[in-house]
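Beneath this line is the structure, given in structure tokens, with notes to follow.
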Amino acid sequence: MRLRALLARIRTPVAVKERRRQGVSAAGSASGAVSGAVCGSEPVNGYRVLEQVVQLPVSTWRYHWDPPHVRHLGPMAQDWWKAFNVGENDRTICCTDANGVALVAIQALHRELTELRSEVAALRAQAPQHPSPTPAEPDPPSRPRQS
């Protein structure tokens with residue numbers, strides 16, 4: 001057991017240790033949204049969120065401090081705030097909120113796709129059954145006119 005602890009200390013970079021000490025995932029930002037840590041949970045209309053996602057301006061951009069070759073892809077925080085009104089302010093987009101919006105939109109798309117598949121199946125069942133069409137015969141080559 002002591003050897004394992006020693007090896008863990010040797011292999012764990014200082015930055016990772018500091019993140020763990022702060023309660024942050026070593027892999028990056030992580031949500032602490034567990035049932036006992038949140039309150040005020042409300043249902044979400046996925047179709048409305050999907051419409052807002054569709055209308056959300058998304059562009060590529062870079063921060064002033066980024067080198068010229070670096071590009072990011074996403075909405076501006078002000079547009080995000082106006083569309084969803086989630087997070088702390090209109091200056092940042094929280095990863096938890098971005099993930100939540102993406103998941104709700106995916107769920108709404110799945111529901112739409114399931115409904116459309118059912119509708120298509122019902123229409124196919126109602127449609128009269130016709131034999132498969134045979135390929136059209138090609139026109140015979142035209143003969144030159146004789147005068």
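Atom CG of residue Leu113 and atom CD1 of residue Ile106 lie 13.0 Å apart, to the nearest 0.5 angstrom. Of the inter-residue distances, the one linking Trp61 atom CH2 with Asp66 atom CG reads 8.0 Å to the nearest 0.5 angstrom. In this structure, Tyr47 OH and Glu112 CD are separated by 5.5 Å, a value rounded to the nearest 0.5 Å.
Between Gln129 and Arg124, the shortest heavy-atom contact is NE2-O, 3.7 Å. Residue Ser59 comes nearest to Met76 through the heavy atom pair OG-CE, 4.2 Å, listed as atom of the first residue, atom of the second, then distance. Minimum interatomic distance between Ala98 and Ile93 (heavy atoms only, all atoms of both residues): CB-CG2, 4.3 Å. Across all their heavy atoms, Asn89 and Thr92 have their closest contact at OD1-N, 3.0 Å. Contact detail for Leu56 and Trp80: the closest heavy-atom pair is CD2-CE3, 3.9 Å. Residues Pro57 and Asp79 approach most closely at CG-OD2, 3.8 Å, considering heavy atoms.
Heavy-atom contacts from other residues, nucleotides or ligands closer than 6.0 Å to CD of Glu115 number more than 12. For Arg71, the CZ atom sits in a packed shell: over 12 heavy atoms of surrounding residues, nucleotides or ligands are nearer than 6.0 Å.
Counting heavy atoms from C-beta on, the side chains of Phe84 and Val101 come closer than 4.5 Å.
Ring orientation note: the planes of Tyr63 and Trp65 are close to parallel, at an angle under 30° on the 30°/60° scale.
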